[in-house]
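Below is one structure, written out as structure tokens; comments come after it.
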Amino acid sequence: MNTSDQKTALVTGASRGLGAALAEALAAQGHHVIALARTVGALEELDDRIQAEGGSATLVPVDLTNEDAMRQICRSIYDRWGKLDLLVHCAIHAPPLSPVGHIDEKDLDKTLANNIRATSRLIANTEPLLKAAPGAKAVFFNDPVKAEKFHAAYGLSKAAQMRLARSWQSECVKSGPEVLVLTPNPMPTATRARFYPGEDRSALADPKDEAARLLAEML
């Protein structure tokens, strides 16, 4: 198959949780998955699972806050495929819980860099690739965090990320890509465990089941 004919899906946060589950599901449906995450070992395990099912992936160990690296990655996607069919943005940073008056500035800076600035640059770098693919889609995931105590840093960053996604969604109605904002059910992820350490995780949705449900909405 000519590489320009392959359906490509760029998945951030692909090393674990929903990102990994969606990467596997997309590969099983014939997409070549470009899997981004910081953890090399977990990406290699993902690749093993994808290959075992006959799929294909390109592993990209990267920190999304590295602007130069992200530009180069998107340039490499253009050089190889000339387009991007699907962007699935699962990466998220969960700062330590803290009272508003005691939020650590370094934690806040890291949260804003990962959840807001990196998302903004991801949109800017992938938009030309998505516009080059007929029917391309970009998918973001809402987390309807309530105004719970100690969640301010995460909550404000996630709300800002959603504003970016929804504004882009409005801007792209006529020109594309189609921008989707989906809401996963609570899952036993590392992020949720940080927020709810004593929770009964057996009652939460399995990431693979959620990936299947969300994929039906995405595709």
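Looking at Asn125, its side chain never comes within 3.5 Å of a backbone N or O of Cys74 through a donor-acceptor pair. Using a distance-only test at 3.5 Å, with no hydrogens or angles considered, no donor-acceptor pair links the side chain of Lys137 to the main chain of Pro177.
The side-chain heavy atoms of Val173 and Glu178, taken from C-beta on, include no pair separated by under 4.5 Å.
Under the 4.5 Å side-chain contact rule for hydrophobic residues, Leu122 and Leu59 do not share a cluster. Residues Val62 and Val40 fall into different hydrophobic clusters, defined by Ile, Leu, Val, Met, Phe, Trp and Tyr side chains chained together at heavy-atom separations under 4.5 Å. By the rule that hydrophobic residues join a cluster once side-chain heavy atoms approach within less than 4.5 Å of another member, Ile50 and Leu36 end up as members of separate clusters. When the side chains of ILVMFWY residues are joined at heavy-atom separations under 4.5 Å, either directly or via intervening members, Ile123 and Tyr78 end up in a single hydrophobic cluster. Hydrophobic clustering of Ile, Leu, Val, Met, Phe, Trp and Tyr side chains at less than 4.5 Å, counting indirect connections, unites Val181 with Leu130.
Members clustered with Leu215: Val11, Leu18, Leu22, Leu26, Val33, Leu86, Val88, Val139, Phe141, Leu180, Leu182, Met187, Leu214, Met218, Leu219, by chain and number, using a 4.5 Å side-chain heavy-atom cutoff among hydrophobic residues.
Nearest heavy atoms, Ile116 versus Ser157: CG1-O, 3.8 Å. Gly19 and Cys90 make their closest contact through CA-SG, 3.7 Å (heavy atoms, listed as atom of the first residue, atom of the second, distance). Nearest approach of Ala133 to Asp85, heavy atoms of both residues: CB-OD1, 3.6 Å. Shortest non-hydrogen contact noted between Thr111 and Ala153 is CG2-O, 3.8 Å. Nearest heavy atom pair, residue Leu64 against residue Ala91, reads CD1-CB, 3.5 Å. Nearest heavy atom pair, residue Ala20 against residue Leu46, reads O-CD1, 3.7 Å.
Aromatic ring pairs are classed by plane angle as parallel below 30°, tilted from 30° to 60° and perpendicular above 60°; the pair Phe140 and Trp168 is perpendicular.
A salt bridge (charged side-chain N to carboxylate O under 4.0 Å, His left out) check over residues 179-196, counting only residues at least two apart or in different chains, returns the pairs Arg192-Glu199. Contacts classified as ring pair (Phe, Tyr, Trp, His ring centres under 6.0 Å) and involving residues 7-62 (residues at least two apart or in different chains) are given here: His32-Trp81. Pairs passing the salt bridge (charged side-chain N to carboxylate O under 4.0 Å, His left out) check and including a residue from residues 40-55, sequence neighbours excluded, read Glu24-Arg49. Applying the side-chain hydrogen bond (donor to acceptor under 3.5 Å, both in side chains) test to pairs two or more places apart or on separate chains, none has a residue in residues 99-109.
Here the CG-OG1 distance, from Leu112 to Thr119, works out to 11.0 Å after rounding to the nearest 0.5 Å. Expressed to the nearest 0.5 Å, how far OG of Ser175 lies from NZ of Lys131 amounts to 3.0 Å. The line from CD1 of Ile103 to CG of Leu97 is 10.5 Å long, rounded to the nearest 0.5 Å. Considering CD of Gln161 and CG of Leu156, their distance stands at 11.5 Å, rounded to 0.5 Å.
Defined by atom type and a distance below 3.5 Å, a donor-acceptor pair is missing between the side-chain atoms of Lys83 and Thr8. Using a 3.5 Å distance cut-off with no hydrogens or angles, the side chains of Thr65 and Asn114 do not pair a donor with an acceptor. For Tyr154 and Asp143, the side-chain atoms include at least one donor-acceptor pair closer than 3.5 Å. Side chain to side chain, Glu210 and Asn185 meet the donor-acceptor criterion of an N or O pair below 3.5 Å.
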Report the C-alpha distance between His93 and Lys110 in whole Å, list the side-chain angles of each, state the deciding distance to 0.1 Å, and finish with yes or no for side chain to side chain contact (heavy atoms under 4.5 Å, CB included).
-> CA-CA 8 Å; His93 174 70; Lys110 186 175 182 180; 3.6 Å; yes
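Considering Leu87, Ile77, Ile73 as possible partners of Thr126, the one that fulfils the side chain to side chain contact (heavy atoms under 4.5 Å, CB included) test is Leu87.
The number of heavy atoms from other shown groups lying within 6.0 Å of NZ (Lys208) does not exceed 12. For Arg163, the CZ atom is loosely surrounded, since the number of other residues' heavy atoms within 6.0 Å does not exceed 12.
Residues satisfying the salt bridge (Lys or Arg N to Asp or Glu O under 4.0 Å) test with Arg75, not counting sequence neighbours, are Asp79.
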